[in-house]
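In the text below, chain A, chain B and the rest are named by the order of the sequence lines, each starting its count at 1.
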Protein chains: 2
Amino acid sequence: MDPAVRDGWLERAHASLVAAGLRLGAARTGVVEVLARDGQCLIEAREIIDRLRERGGPGSAASVYRVLDELRGLGLVRRDADPDGGGRYEIVFAAAHHHHFVDVESGSIESFIDEGLEAAIQEAGRRLGVRLTGHSVELRGTRTRPQSAQERP
Amino acid sequence: MDPAVRDGWLERAHASLVAAGLRLGAARTGVVEVLARDGQCLIEAREIIDRLRERGGPGSAASVYRVLDELRGLGLVRRDADPDGGGRYEIVFAAAHHHHFVDVESGSIESFIDEGLEAAIQEAGRRLGVRLTGHSVELRGTRTRPQSAQERP
DNA sequence: ATTCTTGCAAACTGTTTGCAAGCTC
DNA sequence: GAGCTTGCAAACAGTTTGCAAGAAT
């Protein structure tokens, strides 16, 4: 979790919500706060609901989905689905741009950035003759140097 | 639709199914045939069901999902979900490797291949210190000029 | 005071599963 | 003939929506 990203996005989110004439209700505020902390890389809807419940505060499933939709409409959040269809969300913030590596043995996801890859994507877009507005890359594989012995099944 | 890919994958699929001791029932055969023709680039489960119904032949929703699961287990098919969660499937076949460009205005998906991008992906994997077993790229944007034939593999 | 927000419960969609009848080997 | 396959219908999970009560401005 990057505190600078959290605060930067939080500020922008607040401004966008106010500008859109939306009120700072309890559920909406809660979802935004959870996303700022835990939504810098993909987070599942279910997880957001659980975090809010743990806090004891408000945030029903219905409200969470409603707020996520609003945030998506404001361009504050991006949605994609994990392979089995469940929704996953990620904040949209230039300073938080990254891609994903999925360890096929453990299923864990980690984020990375790679300048060479970014350049190649822009090139590919140019060759295709399109104007790019976004892109996403998922690499799958195994770590060549296992982090610990107990990760091997 | 690439006939060489269709026939090559069809042959491999047949061999794999027989090797796995599965019988060539009507529904299973139908799903495999639809995939060979229309599953070279992402196709939705719903669409497979519809094609089978159009043919008048067998292939209930239950059977389609069951067969897709089997094919996935055999490594013959890859599954990912479209942004709203619905399942999309694509045959797995070296000669059919490609990536996706989504026109954000029309929502249409087209496939492309780009050697520079492939190279950059291998480089990124090496820099990350992982062994890659697969990858996927999605570009989003708008067309700036009409599509030429060579951009559609 | 007015209008927006929230939670509940019910509706919906896409996917999975139990079971009896039919088909493949 | 034995056992896998299939279709139907019911079960299921995640997400969406209608509505009445509660909050923000």
Between H135(B) and H100(A), is the ring centre distance below 6.0 Å?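 That pair fails the under 6.0 Å test.
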Specify the residue among D69(B) and A26(A) whose closest nucleotide of DNA chain C lies further upstream toward the 5′ end.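 That would be A26(A).
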How many whole angstroms separate atom [atom1] of [X] from atom [atom2] of [N]?
{"X": "I49(B)", "N": "dT16(C)", "atom1": "CD1", "atom2": "P", "answer": "11 Å"}
{"X": "E47(A)", "N": "dG14(D)", "atom1": "CD", "atom2": "P", "answer": "13 Å"}
{"X": "R88(A)", "N": "dG14(D)", "atom1": "CZ", "atom2": "P", "answer": "15 Å"}
{"X": "D50(B)", "N": "dT13(C)", "atom1": "CG", "atom2": "C1'", "answer": "14 Å"}
{"X": "L68(B)", "N": "dG14(C)", "atom1": "CG", "atom2": "P", "answer": "15 Å"}

With no hydrogens and no angle check, is any side-chain donor or acceptor of W9(A) less than 3.5 Å from a backbone partner on V32(A)?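 Between the backbone of V32(A) and the side chain of W9(A) there is no qualifying donor-acceptor contact (under 3.5 Å).
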Can you tell me if the side-chain N/O atoms of [X] get under 4.0 Å from OP1 or OP2 in [N]?
{"X": "S60(A)", "N": "dT6(C)", "result": "no"}
{"X": "R23(A)", "N": "dT3(C)", "result": "no"}
{"X": "R28(A)", "N": "dT5(C)", "result": "yes"}

Side-chain donor/acceptor contact of R66(A) with base of dT6(C) under 3.5 Å: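 No.
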Counting side-chain heavy atoms from CB outward, which of dT17(C), dC25(C), dG7(C) is closest to L24(B)?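 The listed nucleotide nearest to L24(B)'s side chain is dC25(C).
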